[in-house]
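Quick notes on the structure that follows.
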Number of protein chains: 2
Amino acid sequence: MAKDGKKADRRPGGRVKAQKSVKKRSAEVRAVPDGPGGYVADDRPDVVVVVDVSYFAVDRGALVVLLVERTRQPDAGRWAVPGAVLEPDEVLTDAAARAVVARAGILEPFTRVEQLAVFDAGDRDPRTRVVSTAVLAVTSTAAAPAGGALASGRWWPVGAIGTPAGPSLAFDHLDIVTTGIERLRARLELTDFATALVEEPFTLGELRRAYDVVWGVELEPANFRRKVLATPGFVVPTAGKRIVGTGRPADLYLRGGGAVLHPPIPRQR
Amino acid sequence: MAKDGKKADRRPGGRVKAQKSVKKRSAEVRAVPDGPGGYVADDRPDVVVVVDVSYFAVDRGALVVLLVERTRQPDAGRWAVPGAVLEPDEVLTDAAARAVVARAGILEPFTRVEQLAVFDAGDRDPRTRVVSTAVLAVTSTAAAPAGGALASGRWWPVGAIGTPAGPSLAFDHLDIVTTGIERLRARLELTDFATALVEEPFTLGELRRAYDVVWGVELEPANFRRKVLATPGFVVPTAGKRIVGTGRPADLYLRGGGAVLHPPIPRQR
DNA sequence: TGAATAGTGTCTTTCAGACAATATGGA
DNA sequence: TCCATATTGTCTGAAAGACACTATTCA
């Protein structure tokens, strides 16, 4: 069903270039941009689309988020999530990856990425109208940013945000980070998102500690194990075992194909 | 979600790239739009932001979606969800309301509206790069579109989509509608979204039938009642009663302030 | 009176949560 | 040996689901 729809909209239509003398049409006509002259360059509203990345990892027992220190006005000295203006020939996830590499110096790709929310307040950037399509991304390795002029990225513990020792966030990026954290917590409840936070192969103890860090709880190991193993497609067992420090060696697993948790892993009641 | 992954694989062809303005800077500089000259008119990528509305109601026992017949190319004769180009001075929900009024002739406001997803495939509109920020909206009254030249809207049963008697959808709007339906189903599970589908005051039978229609199931009246009344903030009791046809008069309720269902109303197992 | 819907009571199954018990490594 | 972690076993309480039963109206 969805396949047909996508196929249907792939047509080799030629774009009609604009030769409008009038700079802008009325809002009413704008609402019906069907004509041959629709969407032409001189007729576009002044809206800029950027992609902002709410990028998380687990590092030494803490949930961390990738922020970039701003060096120019406005909001110089404050910290922002990596962002980039969307190019006409790229999709959101590509722009998100580009933003993380170019602005924060992070070279590793996301383990997982998905849409987060659109931030559309009219005054969120003082320069012009900027609509931000934020994405939620996670990695299994909170790698240090590579060197270079643009490598001003840093992983901040989310617990430090809002404290005197923590970063001061630019624009509405505190909102973006907060929304990302809450979505991340919800995704752990309903999907196998947590597997993207640990390196393969992983033990169920490592996976459980990812839940502990993101949710700020301590899940019961026995019940967690039963729940994960009872969910088809959550993890794939391997033959290996690993000795972390002390204690009995743990079985090693790989990420499953992508599971929907039915019923979910419960959080709070 | 998985949707994003699929979309990321679809690279736009060279057609879009060939339309780039010669005035544009490199992607690397674009990634750091901090300078005083950032976001100026001559430096903006050719990306148009539209708002598309996945707008649902329950009408005579069926879930219906509001579609508009296209009268111009491309995709003339096919049906699309109401959409509008985002104006620089409005937020998404305002543009969504404007689209429904101007394009479909629907005058009643949404009972509830929230963000749905961003559709960002590079070739989703043959004319130019269009990024669609889709919203999910519902109403309690599937009112007939008002007359007028622009009132080409029609409520289609979602069950008719994909059948010979149903509408053929333009662009990737089948994807937008499908995503909206699935999100609506999920929202009924976790929130009090269903109360927005019924007119106040309502009986628990009417509320339950909204679940039945959206989910395509028949919930057990006794268990449903217990569940709803046990969830704080879901519905507010009133003193009134109503006799629908035959049968015992039912208590009337109003919408609660907006509840998060913990635990949710279960769907499928 | 019978049909239809609303509302109450209760039983069974399932599952989360707690916790005891065992397994297996390192210090 | 003790200690720490993994893994298995078992019990309990809460909630979903099924269904019998009562209540109240209209035809």
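The structure displayed is predicted, hence computed values, not measured ones. All chains are named by letter (A, B, ...) in the order of the sequence lines, taking the proteins before the strands, and each is independently numbered beginning at 1.
Between the side chain of A:R255 and the backbone N or O of A:V235, no donor-acceptor pair lies under 3.5 Å.
Under the salt bridge (Lys or Arg N to Asp or Glu O under 4.0 Å) criterion, A:R226 pairs with no residue at all, not counting sequence neighbours. Residues that satisfy the ring-ring contact (aromatic ring centres under 6.0 Å, His included) test with B:F56, not counting sequence neighbours, are absent from this structure. Not a single salt bridge (Lys or Arg N to Asp or Glu O under 4.0 Å) links B:E220 to another residue, sequence neighbours left out. For A:F119, there are no ring-ring contact (aromatic ring centres under 6.0 Å, His included) partners at least two apart in sequence or on another chain.
Residue pairs meeting the side chain to side chain donor-acceptor pair (under 3.5 Å) criterion with at least one member in residues 231-248 of chain A, sequence neighbours excluded, are A:E206-A:R242, A:K241-A:D251. Within the structure, side chain to side chain donor-acceptor pair (under 3.5 Å) contacts touching residues 110-119 of chain B (residues at least two apart or in different chains) are B:R112-B:D192, B:E114-B:R187. Applying the side chain to side chain donor-acceptor pair (under 3.5 Å) test to pairs two or more places apart or on separate chains, none has a residue in residues 53-64 of chain B.
The separation between B:F224 atom CZ and C:dT5 atom C1' is 15 Å, rounded to whole Å. Rounding to whole angstrom units, CD of residue A:E218 and C1' of C:dA18 are separated by 15 Å. Rounded to whole Å, the distance from CZ on B:R225 to P on C:dT5 is 16 Å. Nucleotide C:dC15 holds its C1' atom 16 Å from the CG atom of A:L229, rounded to whole Å. One can place CD of A:E189 at 13 Å from C1' of C:dA16, the figure rounded to the nearest angstrom. Distance CG (A:L219) to P (D:dA6): 13 Å, rounded to an integer number of Å. Whole-Å rounding puts the A:K227 NZ to C:dT14 C1' distance at 11 Å. A:R242 places its CZ atom 11 Å from the P atom of D:dA6, with the value rounded to the nearest Å.
Within residues 193-216 of chain A, the residues having any heavy atom under 4.0 Å from DNA chain D are, by residue number, A:G205, A:R208, A:R209.
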* Asked: When every nucleotide of nucleotides 18-27 of chain D is labelled 5' to 3' by its protein contacts under 4.0 Å (heavy atoms), B for base, S for sugar-phosphate only, - for none, what sequence of letters results?
  -> BB---BBBB-
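The side-chain heavy atoms of A:V217 and A:Y211, taken from C-beta on, include no pair separated by under 4.5 Å.
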